[in-house]
Amino acid sequence: MDHEYELLLEKSRERNEFIKRQMKYLGKFNNKNFDHVVADFNEEVFAEIDCLKCGNCCRTIGPKMSGSDIKRACKAIGRDPQRFMDEALVRDEDLGWMCKTMPCPFLREDNACDIYDVRPNDCDDFPYMRERGIQKALGRLAFNTEFCPAAYLIAEKIIERYAPGITK
Ligand code: SF4
Ligand code: SF4
């Protein structure tokens, strides 16, 4: 991972308790246009962050996969879906199919994804900042700040906008 992103994650870890508290506090409200504001923050942050210099979600969390995600991915790489599921995946009752071990088997050394064009929807959505009703899901954002430099920067932008003046 790029050193700059390691430093962001270090900062994120230092501020983790504070971020969790703020996200919990902000989750009690229902601010008008919150989803749109956060979607804009998401765009601003990802215009600056280069995931190819990071890859930390692919190394540490990995995707939740649906049956169609698996079929699509296996078709792209010419693998038998059942065999792939047996060898590389494990079923979580709540989340669906997950990687048995990390990093994700599709992650290349250079942080590129072997199946980028047909990657699971979960990978495309992460860190889930373009969803509706995001204000009720800020606990998940706080969790993801521990792994994702972009999520951390988005959380700081939310705090700066909605809880200004509270810095720690
Ligand atoms: S499928 Fe690709 S984008 Fe998704 S976690 Fe694996 S390597 Fe990363
Ligand atoms: S989504 Fe976040 S954790 Fe994943 S590669 Fe991009 S910056 Fe890193």
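Please read these numbers as outputs of a predicted model, since none were measured by experiment. Counting convention: from 1, in listed order, for ligands and their atoms alike.
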Between Glu156 and Arg15, does any side-chain N to carboxylate O distance fall below 4.0 Å? yes

Considering only NZ, NE, NH1 and NH2 on the basic side and carboxylate oxygens on the acidic side, decide whether Arg72 and Asp69 come within less than 4.0 Å. yes

The answer for which part of Ile49 has a heavy atom under 4.0 Å from ligand 2 is side chain

At a 4.0 Å threshold, what atoms of ligand 1 neighbour a non-hydrogen atom of [X]?
X      : value
Pro120 : 1 (S)
Cys104 : 1 (S), 5 (S), 6 (Fe), 7 (S)
Leu107 : 7 (S)

Under 3.5 Å, side chain of [X] to main-chain N/O of [Y], donor-acceptor pair present?
X      : Y      : result
Asp35  : Gly133 : yes
Gln135 : Asn31  : yes
Ser12  : Thr145 : yes

Considering only heavy atoms, which of Cys123, Cys113, Gly62 lies nearest to atom 2 (Fe) of ligand 1? Cys113

Just checking Phe143 against Tyr128, ring centres under 6.0 Å apart? no

Among all protein heavy atoms, pick out the one at the shortest distance from atom 5 (S) of ligand 1; state its residue, atom name and that distance to 0.1 Å. Pro63 CD, 3.6 Å

Near atom 4 (Fe) of ligand 2, which protein N/O/S atoms are found at less than 2.8 Å? Cys57 SG

Whether over 12 other heavy atoms sit under 6.0 Å from [X] [atom1]:
X      : atom1 : value
Glu6   : CD    : yes
Lys100 : NZ    : yes
Lys136 : NZ    : yes

Within reach of ligand 1, part of Ala73 (heavy-atom separation under 4.0 Å): neither

